[in-house]
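Side chains are part of it too, since the values below use all heavy atoms of this structure and drop only hydrogens, waters and symmetry mates.
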Amino acid sequence: MPELPEVEVVRRGLERWAAGRPVSAVEVLDVRSTRRHGAGPDDFAARLAGSRLAVPERRGKYLWIPLAGEDSALVAHLGMSGQLLVNDPADPAPRHLRIRLLLEPGEDDADRSRELRFVDQRIFGGLFLDRLVPADDLPGQLLPASVAHIGRDPLDPAFDPEAVHLRLRGRRTGLKRALLDQSLVSGIGNIYADEALWRARLHYARPTDTINRTESARLLAAVHEVMEEALAQGGTSFDSLYVNVNGESGYFDRSLDAYGRAGLPCRRCAAEGRVSLIVRRPFMNRSSSYCPRCQPVPRRARW
DNA sequence: CCAGTAGCCTGCTTGC
DNA sequence: TGCAAGCAGGCTACTG
């Protein structure tokens with residue numbers, strides 16, 4: 001599934017292949033994919049057609065393309081299975097094509113038309129239009145009103161680990177629940193939460209109000225590190241006409257230490273000459289994977 | 001206001 | 001073999 005690094009790869013691909021282009025036609029093939037556009041799919045298509053795409057931006061897993069000369073943006077969330085692809089309009093339609101935008105050549109290139117496609121199997125994601133508002137903490141920066149409640153992600157230059165630490169201390173919940181709360185820090189999903197906790201040697205049920213500065217710094221550094229590594233490994237696929245977001249960057253196959261490794265030896269323990277098997281526990285209608293030896297369950301756990 | 005949860009979705013896997 | 005249940009999970013809307 002697309003995680004923050006994959007969404008960033010998509011953003012870069014769109015910057016290269018779609019930015020600057022006028023939208024000449026819009027077709028919504030499945031209205032569920034514009035669910036979050038309150039005024040309905042016809043309004044979505046009518047307002048988008050005739051606009052011109054500016055340079056895409058991202059916060060967490062939200063991606064948006066400001067419309068040139070307007071105070072609004074095309075907002076995208078890929079959900080579990082969404083993809084944004086840039087194709088030749090003549091290319092055959094893929095199975096789960098939900099929305100398509102015909103893009104005319106930009107002013108500076110004699111290239112032919114292209115088609116921006118939103119493909120989504122499970123329809124957890126979608127596209128919608130929203131107005132841009134100034135960011136609370138940095139009024140010169142604009143973001144969609146519907147994204148304003150989301151915290152900055154760990155790759156954001158204005159990400160503030162100290163502020164996150166203080167907010168974490170003020171919570172009365174478990175560490176992983178807090179990591180998955182997008183209003184605190186955005187962009188962390190189940191996979192990255194497990195990986196970061198493993199790297200920081202912290203258990204997911206650790207009460208947030210017992211976290212000290214050293215631990216929160218270690219944890220947030222781990223999140224940053226994991227995301228940068230994934231971006232480095234998945235960041236090569238945008239050098240083509242196709243903006244590839246299939247989530248199979250190769251990173252998931254090789255570099256995961258906790259997620260998906262239940263029953264396998266913890267690599268860190270193995271390096272120390274010990275054998276400890278990664279365990280998987282039900283958590284929030286999904287699961288958590290961790291090493292019981294280097295991430296021991298805290299005495300006062302908050303699940 | 002805060003913590004916690006149901007429900008949205010489809011396709012693949014597992015179990016009877 | 002066929003069908004149903006289980007699983008994957010980000011996010012919003014809702015409840016307590």
Note: A/Glu104-A/Arg21 ion pair, threshold 4.0 Å (strictly below):
no
What residues from residues 130-137 of chain A pass a heavy-atom cutoff of under 4.0 Å to DNA chain C?
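Going residue by residue through residues 130-137 of chain A, none turns out to have a heavy atom under 4.0 Å of DNA chain C.
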For [X] and [N], give me the distance from atom [atom1] to atom [atom2], rounded to whole Å.
X: A/Lys176; N: B/dG4; atom1: NZ; atom2: P; answer: 15 Å
X: A/Ile123; N: B/dG11; atom1: CD1; atom2: P; answer: 9 Å
X: A/Phe118; N: B/dC9; atom1: CZ; atom2: P; answer: 13 Å
X: A/Asp120; N: B/dG11; atom1: CG; atom2: P; answer: 11 Å
X: A/Phe283; N: C/dG10; atom1: CZ; atom2: P; answer: 11 Å
X: A/Trp303; N: B/dG4; atom1: CH2; atom2: P; answer: 13 Å
X: A/Leu180; N: B/dC2; atom1: CG; atom2: P; answer: 18 Å
X: A/Glu195; N: C/dG9; atom1: CD; atom2: P; answer: 12 Å

Walking DNA chain C from its 5' end, the first of A/Met80 and A/Ser146 to be reached, judged by nearest nucleotide, is A/Met80
Upstream residue (5' side of DNA chain C) when A/Arg122 and A/Tyr62 are each assigned their closest nucleotide
A/Arg122
Any side-chain heavy atom of [X] within less than 4.5 Å of one from [Y]?
X: A/Asp257; Y: A/Trp198; value: yes
X: A/Leu142; Y: A/Pro66; value: no
X: A/Asp130; Y: A/Ser72; value: no

Looking only at side-chain N and O atoms, does [X] come under 4.0 Å of OP1 or OP2 in [N]?
X: A/His149; N: C/dT12; value: yes
X: A/His77; N: C/dC11; value: yes
X: A/His96; N: B/dG11; value: yes
X: A/Arg171; N: B/dA3; value: yes
X: A/Arg172; N: B/dG4; value: no
X: A/Arg177; N: B/dG4; value: yes
X: A/Arg36; N: C/dT12; value: yes
X: A/Gln182; N: C/dC11; value: yes
X: A/Arg95; N: B/dG11; value: yes
X: A/Thr173; N: B/dG4; value: yes

Just call it for A/Gly189: base, sugar-phosphate, or nothing, with non-hydrogen atoms closer than 4.0 Å on any strand.
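Sugar-phosphate, backbone atoms only, no base.
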Option from A/Asp153, A/Leu4, A/Asp181, A/Val223 for which side chain to side chain contact (heavy atoms under 4.5 Å, CB included) with A/Ile188 holds
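So the option named by the test is A/Val223.
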Please name the residue in the list A/Leu74, A/Ile150, A/Leu132 that meets the side chain to side chain contact (heavy atoms under 4.5 Å, CB included) test with A/Pro144.
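Result: among A/Leu74, A/Ile150, A/Leu132, A/Leu132 is the only option passing the side chain to side chain contact (heavy atoms under 4.5 Å, CB included) with A/Pro144.
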Between A/His37 and A/Phe44 (judged by ring centroids, cut-off 6.0 Å), do the two rings come close enough to count as a pair?
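Yes, close enough.
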Please find out if less than 6.0 Å separates the ring center of A/Tyr204 from that of A/Tyr290.
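Ring centroids of A/Tyr204 and A/Tyr290 are less than 6.0 Å from each other.
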In this structure, CG of A/Leu197 is separated from SG of A/Cys294 (nearest 0.5 Å) by 11.5 Å
From A/Arg117 atom CZ to A/Glu27 atom CD, the distance as rounded to the nearest 0.5 Å
11.0 Å
Could you please name the option among B/dT10, B/dT5, C/dG10 that lies closest to any side-chain atom of A/Phe124?
C/dG10
Look at the side chain of A/Arg286 against the base of C/dG10 and say whether a donor-acceptor pair falls under 3.5 Å; ignore hydrogens and angles.
yes
End axis versus end axis in the helix from B/dC2-C/dG16 to B/dC16-C/dG2, the angle rounded to 10°, five pairs used at each terminus:
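Rounded value for the end-axis angle: 60°.
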Listed once per pair and sorted, the side chain to side chain donor-acceptor pair (under 3.5 Å) pairs that draw on residues 292-303 of chain A, sequence neighbours left out:
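Every pair satisfying side chain to side chain donor-acceptor pair (under 3.5 Å) with a residue in residues 292-303 of chain A: A/Glu272-A/Arg293.
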